[in-house]
Amino acid sequence: MSQSISAKKLRAAYQRMLLIREFELRVERLFLAGKITGTAHLCIGQEATAVGAVMALRKSDALTSTHRGHGHFLARGGNPDRIMAELYGKRSGYSGGRGGSQFMADYRIGYLGANGITGGSLSVATGVALAARLQNRSRVTLCFFGDGASNQGVFHECLNMAALWKLPVVFLCENNGYAMSMPVARSIAGGSIARRAQAYGIAGEETDGNDLEAVWRAVTNARRRAAKGDGPTLIECHTYRYCGHSRGDPCVYRAPQEKVAWRKRDPIQRMRRILLTRGVLISGEHQRLMQETRRRVQQAVAHAEADAWPKASSLTKGVFA
Amino acid sequence: MSQSISAKKLRAAYQRMLLIREFELRVERLFLAGKITGTAHLCIGQEATAVGAVMALRKSDALTSTHRGHGHFLARGGNPDRIMAELYGKRSGYSGGRGGSQFMADYRIGYLGANGITGGSLSVATGVALAARLQNRSRVTLCFFGDGASNQGVFHECLNMAALWKLPVVFLCENNGYAMSMPVARSIAGGSIARRAQAYGIAGEETDGNDLEAVWRAVTNARRRAAKGDGPTLIECHTYRYCGHSRGDPCVYRAPQEKVAWRKRDPIQRMRRILLTRGVLISGEHQRLMQETRRRVQQAVAHAEADAWPKASSLTKGVFA
Amino acid sequence: MKTITAAAILRETLAAELTADPTVMLMGEDIGVYGGAFGITRGLLDRFGPQRVIETPISENGVVGMAIGAAISGCRPIVEIMFADFVTLAMDPLVNQAAKLRYILGRQASCPLVVRLVAGGGRGYGPTHSQGFAAWFVHTPGLKVVAPSSIADHADLLHAAVQDPNPVVFLEHKRLYGWREPVPADRPVVGLETARTVNRGHDLTILAWSWMAVEAAIAAERLAADGITAEVIDVRCLQPLDMATINESVQQTGRVLIVDEAPRSAGIAAEIGCRVFEASHEYLEAPIRRLTAPDIPVPASPPMEQLTLPDATTIAHAAMGLMETLQ
Amino acid sequence: MKTITAAAILRETLAAELTADPTVMLMGEDIGVYGGAFGITRGLLDRFGPQRVIETPISENGVVGMAIGAAISGCRPIVEIMFADFVTLAMDPLVNQAAKLRYILGRQASCPLVVRLVAGGGRGYGPTHSQGFAAWFVHTPGLKVVAPSSIADHADLLHAAVQDPNPVVFLEHKRLYGWREPVPADRPVVGLETARTVNRGHDLTILAWSWMAVEAAIAAERLAADGITAEVIDVRCLQPLDMATINESVQQTGRVLIVDEAPRSAGIAAEIGCRVFEASHEYLEAPIRRLTAPDIPVPASPPMEQLTLPDATTIAHAAMGLMETLQ
Ligand SMILES: Cc1ncc(C[n+]2csc(CCOP(=O)(O)OP(=O)(O)O)c2C)c(N)n1
Ligand SMILES: Cc1ncc(C[n+]2csc(CCOP(=O)(O)OP(=O)(O)O)c2C)c(N)n1
Ligand SMILES: [Mg+2]
Ligand SMILES: [Mg+2]
């Protein structure tokens, strides 16, 4: 099916990608500076998958994320101030500082949260899809997970059940070539994640995860099938993270040339070239957008810095509803 | 590859099938009579798969079983006296009465045990195969599991790892059409278990589980591949259990005609016809074999009846080695 | 007053919840035509259809995780785990997801999930079909844990669990399924944080729950014949614990015996023991006594299993011993 | 005497075990070139090759199950679980298989398996990366449970765990990885059922393990400045427990404070508390005191996490309080 995204939307998508990139780069620096502690997994290089997939959703749809979730959250419209505050462990963070990078959500926008457990969101997403079916809602659920997560048993359990019951869920694997230091070649028998869809009799598709439009198309089609009652789709997006797995990863497990090669396929630069060619962006505008974006990120940092710590008296509150 | 089993072996196989059938029928009656308590899952109707697969193994090989394990154990040469004693909870049982039907083993003959957890033996078997590889042993491990077990996440994890590392393991699914009351059609998306092998780039094969020779051939080939270092095979044997899932199952979930149809494909009768045709068995001999078998089972019952209970003073002994 | 078994009253209660609230749904293995391994859901598929009674493949991890997804979407899933022993496969979603959602995500998230576990020994089912793991859940902040004993409580606490906006682990003892008791039609509402005084006594307090509360009540009758009046409290709500009721009793009797069929170490009896001690030590006339299973897997062999699990006889015996001890 | 971190001594010990015994093997995620998330296995792949250092996909259930298969086949697998929190995915093989094999199958089966869990809070890793679950394993008959504190013990107890023919859950605290202590070259052999007296004192006994034992030792120094001498015992072996050492101390001091960073309810502190009470109640001069985390998930926010976990300050404070209490 040939579809295209409006110029306005493409532009917005581009801006969102910039925001994610700048946000993540800033978080990296904040970690190095000791402003943020704990852990965080950055998605620098994977922005097209996050934005392309999320923009294929409707407002009433839902999505679940992973440990590498800032991009998905920002793509869905998460507030950078509150995300940053959460990373700082501050009071206005999405989880009031309790969750940190791997445990925040905004149910009001259908963002059901990051997940510290590799593969942990697969079943939750499938259950959200089951509920939508029972509730006769038109909601489709998009489930992000990594190549590494696809080796968890629960992947198999959920694909099987989603396929059996034709649930309105889109399983989107961000195959960035590695699970931490484990390359796909040594962890995925048979070599392809998308092809595993066949085992369950559902649609499977590989796509260039650094091509926003390709991702958007794949998810749009999968979303349509899901909404029509045709069941789940497994989409494998090939992409790459430039950064280490998490703070302090020296990336000894991959060759420097590899990163160089992927830089040539950078999703943001590529998008910029396309937008310039199509006249959606005019020359020099990028600078302005970058400045805007950096200001936005700086504002988030300032917000988080100024924010208060959670109240000590709240420590044991709210374990139960 | 065309292979055939010697007449002597076929005859022995036939006797083993009879033993399993008679043993299980007797256990069923003992349950009804209240002589055995707890639970047991009988494999009446599935004898060809058990015997055909196990006879393809070498002495140095290993096998793991399931909750429905008496047949596998007897096929491998387990002592009926001690199996029966275990069902009675008596002292000479394979587990000294501690394990019951679902938890007994005889490591000396490479029978690594039944398993009360559906899918529980998949990882153990894969690990045994891994050890064999590391130890440079020629051992191949045969892993029995059911159609229901194939829906456990660990199935996926183990097939993936066994495939990645080309481990010498044969995954043998006894597809008897149901997991308890759950029909395969409602539990296995995509419809085929064997086909799931493709997801991992390994060999997958379906075979008639009521045809002893077919099972033997499939496992023999898979065993050879495994031993050669060509990795695991997933074999799906189609078979049927005549009895209920466990004691007290009224089988409301399946049509009586279904059982009638499968009775026509009874693995023992079928084998008898073949052996008679080939002259391996002479007319009337079956009666004698049956009598022998019944005597053997009766002896097992007598043994178990006469056996002592475990010593009370042993209760807390042996938790640790 | 009607007399009914736990199995039947659980079935009635599930039916009532399904009827009263369209968001209630059941999930589990063989809960359809088969009615569940113990027949608890028998007939419910016919009555409520496959949209409400969802029979699943054998995928405990995925199923509990899906139930969480459904719960945060506004459903009230009730999952049956055929034997509690299999919840070992679903600890991740229960502990790392369900238990933490509310505390971490705040008011936006509620997870009204009930996980019904078929727990306990005494039926000769062997080491992998006789466990309960209640202590694990008590040790997991964010989960409520309930283990009813009386037949009425099976209905009332299940109802309360379904109504509760939090994940509740609901332990059913397989020995109670066939147990029959009269159940008054009009009963006061029961909360998820309440203990139940089974009978009054002033010589000692016996704390028990689930099947052990039945055994304790029988023991109390025998003790009464020997002139010892035991106050039996069915703890029933294991997290949170109703320490007020427990301490009040202990402070009157001065002696306490805690009975649990689970292995001893780091069990719930230890927690209750410590809390009683912390709150009531100056009232104690004898050391707190725990009667539990030893630290062994539950053996299948009937006489060995019987030796493993406390029962009315060993409870009465321990109580007598306790009456003879001086602090 | 050489000074070394827990991370380094664990690495040395793993290397020594791999060298000494060809049946020893490592399994885990990213334990190869990456050296494990905390660098514990760094360099071992190079030295021992991929047959001995087996890097696995993210499949905790399958991996622990495979390790069991390898263990019953004569290997001595050591599995690294990157964060203890993920062992929730491997409870089934650990509890329903490994823990039960020996008791049920008898002498034919031994399962010399070590599962190393990276446990504990204090690093801001948040609710799903700060747990330990030691109490669950203590509550599982058939598992041994060890949680070292001193750097030397990291080597000695790991060695003992690898030598042990039973499944051992070996809890490493991530805060100890960078902790440095002098370690004497000649040390007595240490068993898996022994507690360690960190320092002598006669006013009260403080029981702790893992990182909490470090905090307790610091607290003891501060208390000493106030004229209170605390006997600090590093419990270190949690199942079986060395109650002899513990009771001997308590019977001399008459006061006991048990410190655990895990959530309070049904934790190990409760078990130890009960056992101390059962054996030593007549020696107690004050009620047994538990200092634990509250029953909440571990929050990520640094100040909140600090409030959650006991530390030298709160331990010293609790100890002072205990000194003021009269039985
Ligand atoms: C159950 C579980 N096991 C292991 C981890 C540790 N861990 C966090 S992310 C990660 C790699 C995940 O790889 P992938 O799914 O490919 O996602 P990516 O990091 O590449 O985005 C691992 C091993 C975890 N968080 N949860
Ligand atoms: C983890 C787990 N879940 C559920 C069960 C209960 N159970 C025992 S056997 C069985 C059905 C297994 O079906 P299948 O694998 O097809 O084997 P079959 O009984 O048909 O031989 C079930 C659900 C179990 N023992 N373990
Ligand atoms: Mg990846
Ligand atoms: Mg089956």
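Predicted model only: the values in this text are computed from it and were never measured.
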Side chain from CB out, backbone as N, CA, C, O: work out which of these in [X] comes under 4.5 Å of a heavy atom of chain D, or both, or neither.
| X | answer |
| --- | --- |
| B/M161 | side chain |
| B/L122 | neither |
| B/L167 | side chain |

Look up atom [atom1] in [X] and atom [atom2] in [Y], then write down how far apart they are to the nearest 0.5 Å.
| X | Y | atom1 | atom2 | value |
| --- | --- | --- | --- | --- |
| B/F155 | B/F145 | CZ | CZ | 5.0 Å |
| D/F170 | D/L157 | CZ | CG | 6.0 Å |
| D/I31 | D/L45 | CD1 | CG | 8.0 Å |

Residue pair D/H159 / D/E17, side-chain donor-acceptor N/O under 3.5 Å:
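Judged by distance alone, the side chains do pair up.
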Could you check whether D/D242 and D/T194, counting side-chain N and O atoms only, form a donor-acceptor pair closer than 3.5 Å?
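No donor-acceptor contact under 3.5 Å links the two side chains.
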Name the option with the most non-hydrogen atom pairs under 4.5 Å to chain B; the candidates are D/C111, D/A109, D/G106.
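Most heavy-atom pairs under 4.5 Å with chain B: D/A109.
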If you count heavy-atom pairs within less than 4.5 Å of chain B, which of D/V64, D/I68, D/I54 leads?
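Heavy-atom pair counts peak at D/I54.
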Sequence neighbours excluded, which residues qualify as ring-ring contact (aromatic ring centres under 6.0 Å, His included) partners of B/F320?
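With neighbours one apart ignored, the set is empty.
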Please identify each residue that fulfils salt bridge (Lys or Arg N to Asp or Glu O under 4.0 Å) with D/D234, with sequence neighbours left out.
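So D/D234 forms a salt bridge (Lys or Arg N to Asp or Glu O under 4.0 Å) with D/R196.
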For D/R187, which residues count as a salt bridge (Lys or Arg N to Asp or Glu O under 4.0 Å) partner, sequence neighbours excluded?
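For D/R187 the salt bridge (Lys or Arg N to Asp or Glu O under 4.0 Å) partners, ignoring immediate neighbours, are D/D156.
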List the atom of B/P80, the atom of B/A300, and the distance in Å for their closest heavy-atom pair.
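Where B/P80 meets B/A300 most closely, the heavy atoms are O-CB, 3.6 Å.
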For chain D, which of B/A321, B/G318, B/A62 has the most heavy-atom pairs under 4.5 Å?
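Maximum pair count with chain D is reached by B/A321.
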Write out all chain D-chain B donor-acceptor pairs shorter than 3.5 Å, or none if the list is empty.
| residue | atom | partner | partner atom | Å |
| --- | --- | --- | --- | --- |
| D/G62 | N | B/E157 | OE1 | 2.6 |
| D/S73 | O | B/Q135 | NE2 | 2.8 |
| D/Q97 | OE1 | B/N115 | ND2 | 3.0 |
| D/Q97 | NE2 | B/N115 | OD1 | 3.0 |
| D/Y103 | O | B/R98 | NH1 | 2.8 |
| D/Y103 | OH | B/L315 | O | 2.5 |
| D/Q108 | OE1 | B/Y107 | N | 2.7 |
| D/Q108 | NE2 | B/A105 | O | 3.2 |
| D/N166 | OD1 | B/A321 | N | 2.6 |
| D/N166 | ND2 | B/A321 | O | 3.4 |

